[in-house]
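Residue numbers count from 1 along this sequence.
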Amino acid sequence: MTAPTTELEAARAMTRAGIAGKIADLRARHIATDRDHDLSDQLDRLLQLDASGRQIAVPVRFTAEMETRGITLIEPAGGGKTTAVRRLLSKNAALNPAGGPARHLHVQVPSPATLKSLGLEILRSTGFQGVAARTTAWDIWGIVRHRLSVLGIAVLWIDEAHDMFLSGSAREIDDMLKMLKSLMLGEAGVILILSGTGRLSEMTSYDPQVDRRFTKVVPTDLVVGGHEDKVGKLVADYARRAGLGLEWSDEMSGRLIRASRGRFGRAVETVVNAIERALLDGVATLTATQFAEAWGMQEGCAWHDNLFIARDWSVRVLDGAAEEFDAARTLRQRKKLERS
């Protein structure tokens with residue numbers, strides 16, 4: 001005799017809830033990499049210490065104590081840079097005093113990105129409202145500097161910072177860089193953290209005075225032939241935590257590295273997605289099949305083109321069209337700057 005539909009549905013719901021809980025736990029995990037250590041080291045050198053040697057939410061001053069310094073994190077999309085910076089700032093005791101407001105601020109570059117829209121986004125993040133439409137960009141940034149000072153913000157993190165320079169002229173880029181530089185001057189200067197793709201490095205180097213104020217953190221990619229053991233241990237650890245057996249090999253690690261474009265964050269995401277497929281399918285062992293299913297749904301590719309199935313996985317070109325588009329856009333930007 002079969003159970004009533006409501007009982008079956010309840011059982012399935014409980015199963016789905018259990019799976020969702022496991023997946024949430026896996027997604028919440030953070031695996032520290034060299035990038036995390038480099039970011040922490042750089043932030044440590046930019047925050048002052050009190051008489052007892054403890055960090056305080058006051059930037060170190062350079063150049064006759066008139067300037068602060070910043071950090072740029074340069075990493076392709078999917079590397080996990082946003083998660084890394086968010087964790088860095090949230091775990092720093094000096095920037096998160098007990099019983100008081102956080103001394104750091106996070107903003108994501110708005111679209112379209114202009115000097116005025118970015119300034120307004122920073123103000124919005126501080127809780128400031130009611131800027132008149134006719135207020136000029138320069139006046140808005142004057143309010144930004146005042147708000148950051150009043151709130152005691154020591155670190156301003158601008159995420160997706162490469163978008164600040166997406167389509168601007170040489171004049172607009174120069175104005176944006178000058179404004180960033182102004183945030184790092186004087187008694188109210190803050191530590192700036194800019195995170196973005198390689199385009200960010202190209203644009204900040206446009207102004208040597210801005211460029212010298214930033215330490216660059218550029219994580220290395222995972223590579224086939226060099227990181228299979230590391231990736232294999234990662235997959236085994238996640239499978240164990242999910243209560244699954246594992247069929248794996250160095251070749252599968254290589255396929256995962258290629259499928260993730262060498263980016264650690266993407267690799268972790270694919271592992272979690274594959275585990276979710278295994279749990280939903282009710283299988284006891286994590287295999288290439290679940291990785292192929294998870295990656296295929298993400299990429300929207302045919303089964304025979306799937307890197308976890310295809311024999312020629314090591315030579316297949318990924319993101320060719322996207323790379324061509326980005327290269328063409330960069331070329332247009334350079335020509336625009338040369339004409340300005």
Side-chain angles (χ1 to χ4, degrees), residues 39 43 68-90 102 104-129 131 133 135-145 147-148 151 153-184 189-207 210-211 213-219 263 265 322 325-326 329-330 332-334 336-337:
L39 283 172
L43 181 60
T68 61
R69 288 289 186 265
I71 305 167
T72 53
L73 173 57
I74 311 295
E75 193 170 17
K81 54 186 175 293
T82 298
T83 300
V85 180
R86 182 180 292 115
R87 182 176 177 83
L88 170 75
L89 298 180
S90 66
H104 57 90
L105 185 68
H106 170 213
V107 297
Q108 185 164 324
V109 174
S111 180
T114 65
L115 202 58
K116 191 169 184 176
S117 69
L118 179 59
L120 290 172
E121 182 64 18
I122 294 173
L123 289 179
R124 186 195 64 77
S125 297
T126 69
F128 190 88
Q129 304 287 342
V131 178
T135 307
T136 67
W138 300 103
D139 287 337
I140 287 172
W141 280 86
I143 301 172
V144 166
R145 288 190 291 273
R147 284 290 290 172
L148 295 179
L151 296 174
I153 299 298
V155 178
L156 173 61
W157 166 31
I158 302 178
D159 196 13
E160 304 296 334
H162 54 274
D163 284 344
M164 293 189 294
F165 313 105
L166 193 58
S167 58
S169 65
R171 170 69 179 276
E172 292 167 329
I173 290 175
D174 188 51
D175 286 345
M176 187 73 79
L177 291 172
K178 285 179 179 177
M179 197 58 72
L180 293 178
K181 184 166 57 178
S182 75
L183 293 176
M184 306 169 75
V190 299
I191 298 166
L192 270 182
I193 298 180
L194 307 178
S195 55
T197 64
R199 186 178 181 81
L200 174 60
S201 179
E202 182 179 345
M203 289 298 103
T204 54
S205 64
Y206 181 73
D207 184 336
V210 172
D211 196 51
R213 288 172 165 82
F214 288 91
T215 299
K216 287 76 177 175
V217 176
V218 186
R263 294 161 202 168
F325 175 81
D326 191 60
R329 184 175 61 183
T330 300
R332 289 195 302 271
Q333 178 73 53
R334 287 174 179 167
K336 187 175 182 179
L337 293 176

The test is side-chain contact (heavy atoms from CB on, under 4.5 Å); show your working for Trp141 and Leu118 and say whether it passes. CA-CA 9 Å; Trp141 280 86; Leu118 179 59; 3.9 Å; yes
Should His162 and Val109 be marked as a side-chain contact (heavy atoms from CB on, under 4.5 Å) after you check the CA-CA gap, both sets of side-chain angles, and the distance that decides it? CA-CA 9 Å; His162 54 274; Val109 174; over 6 Å; no
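Under the rule for a side chain to side chain donor-acceptor pair (under 3.5 Å), the partners of Thr136 that lie at least two apart in sequence or sit in another chain are Asp139. Listed by chain and number, the residues in a side-chain contact (heavy atoms from CB on, under 4.5 Å) with Asp159 are Thr82, His106, Gln108, Trp157, Ser195 (sequence neighbours excluded). Evaluation of the side-chain contact (heavy atoms from CB on, under 4.5 Å) rule for Ala161 yields Ile158, Met164, Leu194, Leu200 as partners, not counting sequence neighbours. Under the side-chain contact (heavy atoms from CB on, under 4.5 Å) criterion, Ser182 pairs with Arg145, Met179, not counting sequence neighbours. Every residue two or more places apart in sequence or in another chain that forms a salt bridge (Lys or Arg N to Asp or Glu O under 4.0 Å) with Asp174 is listed here: Lys178. For the side chain to side chain donor-acceptor pair (under 3.5 Å) test, no residue two or more places apart in sequence or in another chain qualifies with Lys116. Partners of Thr126 by side chain to side chain donor-acceptor pair (under 3.5 Å), not counting sequence neighbours, listed by chain and number: Arg147. Applying the salt bridge (Lys or Arg N to Asp or Glu O under 4.0 Å) rule to Arg124 yields the partners Glu121; only residues at least two apart in sequence or on another chain are considered. Under the side chain to side chain donor-acceptor pair (under 3.5 Å) criterion, Thr114 pairs with Ser117, not counting sequence neighbours.
Atom CE of Met176 and atom CZ of Phe165 lie 6.5 Å apart (nearest 0.5 Å). Note that the CD1 atom of Ile143 and the CG atom of Leu148 stand 12.0 Å from one another [nearest 0.5 Å]. Here CZ of Phe214 is found 10.0 Å from CD1 of Ile193. Values are rounded to the nearest 0.5 Å. For the atom pair CG of Leu120 and CG of Leu115, the computed distance is 10.0 Å after rounding to the nearest 0.5 Å.
Of all non-hydrogen atoms in Leu39 and Ala84, the two that sit nearest each other are CD1-CB, 4.1 Å. What you find for Val190 and Ile153 is that their closest heavy atoms are CG1-O, 3.3 Å.
The shortest side-chain heavy-atom distance between Asp207 and Lys181 falls under the 4.5 Å cut-off. Between Ile122 and Ile140, the closest side-chain pair of non-hydrogen atoms is not below 4.5 Å. Side chains of Leu151 and Leu105 form no contact here, defined as non-hydrogen atoms less than 4.5 Å apart.
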Donor-acceptor contacts, no H, no angles, side chain residues 69-78, under 3.5 Å, sequence neighbours left out:
residue	atom	partner	partner atom	Å
Arg69	NH1	Glu67	OE1	2.9
Glu75	OE1	Arg35	NH1	3.1
Glu75	OE2	Arg35	NH1	3.3

